[in-house]
Amino acid sequence: MPVLQDPLVIVTDLDGSLLDHHTYSWQPARQWLLRLKQHRIPLVICSSKTAAEIVPLQQELGFEGSPFISENGAVVRLGDVQTEQSCQFASQDYSAICHTLLRLRQREGFKFTGFADVSEKEIAEWTGLTPALAARAKMREASESLIWRDTRQRFDLFRRQLDEVQLALVQGGRFWHVMSKGSGKGAALRWLLARYPSPDAPSRPITLGLGDGPNDAPMLDSVDYAVVIRGYSKNPLLLERADKQHVYHSAAFGPEGWVEGLDHFITPS
């Protein structure tokens, strides 16, 4: 098991993991966050949230300037977003994705509602976010979040037609996310770790990941130690990795489960 003095990197989902699914509070994890900061252990956020949402949250948590992955892996940022290298990992930007979705809806009559279709007020009603945070959730760079309102059969057709134009569907805790094929959380994390802390670093840090939803599976398959936090998704979070001894399933939800996972894997010294 790793110890706090090891070269660790913590990779975490937000909604339903570090943040409570209903209240978005991270306070139950406060002591662990302070411990990580005290030992200079990086906290890499890997979330469906936008960069506009993540940057102020990093400041609130005390990890400003850290690398992060946003929009389910469609966007990767290394270091301080104002001064360091920034990378849009996905091949198609938000405008192109929205144009494709509009064309498919007009041609096939698919019934869905995306963030581009509604106001900040409606997103706030869907999510429980404040209007200000909902406005940040609309500041998308390379993925669209939507609610599917059609049949299962039509959904399968929708997925196939997205595949034909190099787009993929990823299921999150509340929404389906449309993004470029090959740009999920796992691929984005592997890209980031190959460059962090630097490409010529003598050794790779020990990675511990935490997540609660099906979209977190590729990320949790890409870390050394994985914490599957008890979640609310109707679909289970299924991992492909064979080293079950490096996987922990929490009994608690949200930040309480997050703390439980770190307590399980990391010893004080």
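In this chain, residues are counted from 1 in sequence order.
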Do F155 and W176 have ring centres separated by under 6.0 Å? yes
Which heavy atom of P67 sits nearest a heavy atom of L192, and at what distance? CB-CD1, 3.8 Å
Just checking F63 against F68, ring centres under 6.0 Å apart? no
Just how far is it from atom CZ of R149 to atom CD1 of I147, taken to the nearest 0.5 Å? 4.5 Å
Flag yes if more than 12 heavy atoms outside R40 fall under 6.0 Å of its CZ atom; otherwise flag no. no
So, does R195 use its side chain to make a donor-acceptor pair with the main chain of W191 at under 3.5 Å? yes
Assess, by modelled atom type and distance only, whether the side chains of Q92 and Q166 contain a donor and an acceptor separated by less than 3.5 Å. no
Distance check, rounded to the nearest 0.5 Å: Q58 atom CD versus E53 atom CD? 12.5 Å
ILVMFWY cluster, L4 and L208 together (side-chain gap under 4.5 Å): yes
Side chains of D20 and S25 only: does a donor on one sit below 3.5 Å from an acceptor on the other? no
Derivation of the salt bridge (Lys or Arg N to Asp or Glu O under 4.0 Å) call for R159 and E164: CA-CA 9 Å; R159 188 192 291 273; E164 291 174 1; over 6 Å; no
Would you say the side-chain atoms of R30 and Q27 include a donor-acceptor pair closer than 3.5 Å? yes
Here the pair of heavy atoms bringing M179 nearest to V170 is SD-CG2, 3.7 Å
Would you name the heavy atoms of C98 and E144 that are closest together and state the gap between them? SG-OE2, 4.2 Å
One should read off an interatomic distance between L262 CG and L33 CG, to the nearest 0.5 angstrom, of 8.5 Å
Between Y232 and H22, is the ring centroid distance below 6.0 Å? yes
Rounded distance (nearest 0.5 Å) linking atom CZ of R204 with atom OH of Y196: 13.0 Å
Quick one: do the Y94 and E71 side chains pair a donor with an acceptor below 3.5 Å? no
Without swapping roles, check the side chain of K244 against the backbone of R241 for a donor-acceptor pair under 3.5 Å. yes
Could you point out which residue of D15, L57, T130 forms a side-chain contact (heavy atoms from CB on, under 4.5 Å) with Y24? D15
Might you confirm whether atom CD of Q245 has over 12 heavy atoms from other residues, nucleotides or ligands at distances under 6.0 Å? yes
Please determine whether side chain to side chain donor-acceptor pair (under 3.5 Å) holds for the pair S17 and D212, giving the CA-CA distance in whole Å, both sets of side-chain angles, and the decisive distance to 0.1 Å. CA-CA 6 Å; S17 297; D212 73 308; 3.2 Å; yes
Residue pair S250 / A252: nearest heavy atoms and the distance that separates them: OG-O, 2.7 Å
To the nearest 0.5 angstrom, please state how far the CG atom of L36 sits from the CG atom of L43. 6.5 Å
Do R105 and D117 sit within salt-bridge range, that is, some charged N less than 4.0 Å from a carboxylate O? yes
Hey, do the aromatic rings of W148 and F158 have their centres closer than 6.0 Å? yes
Between T50 and R140, do the side chains contain an N or O donor and an N or O acceptor separated by less than 3.5 Å? no
So that I can tick it off, tell me whether R230 and E256 are bridged by a salt bridge, with the cut-off set at under 4.0 angstrom between side-chain N and carboxylate O. no
Could you state whether I206 and M1 fall into the same hydrophobic cluster, counting links through intermediate Ile, Leu, Val, Met, Phe, Trp or Tyr residues with side-chain heavy atoms under 4.5 angstrom apart? yes
Distance col, row D216:CG vs N72:CG, nearest 0.5 angstrom, shows 8.0 Å
Pair S143, H177: side-chain N/O donor-acceptor within cut-off below 3.5 Å: no
If you take all heavy atoms of I123 and A134, which pair is closest and at what distance? CG2-CB, 3.9 Å
Could you check whether T207 and D224, counting side-chain N and O atoms only, form a donor-acceptor pair closer than 3.5 Å? yes
Measure across Y225 and P2 and return the closest heavy-atom pair with its distance rounded to 0.1 Å. CZ-CD, 3.6 Å
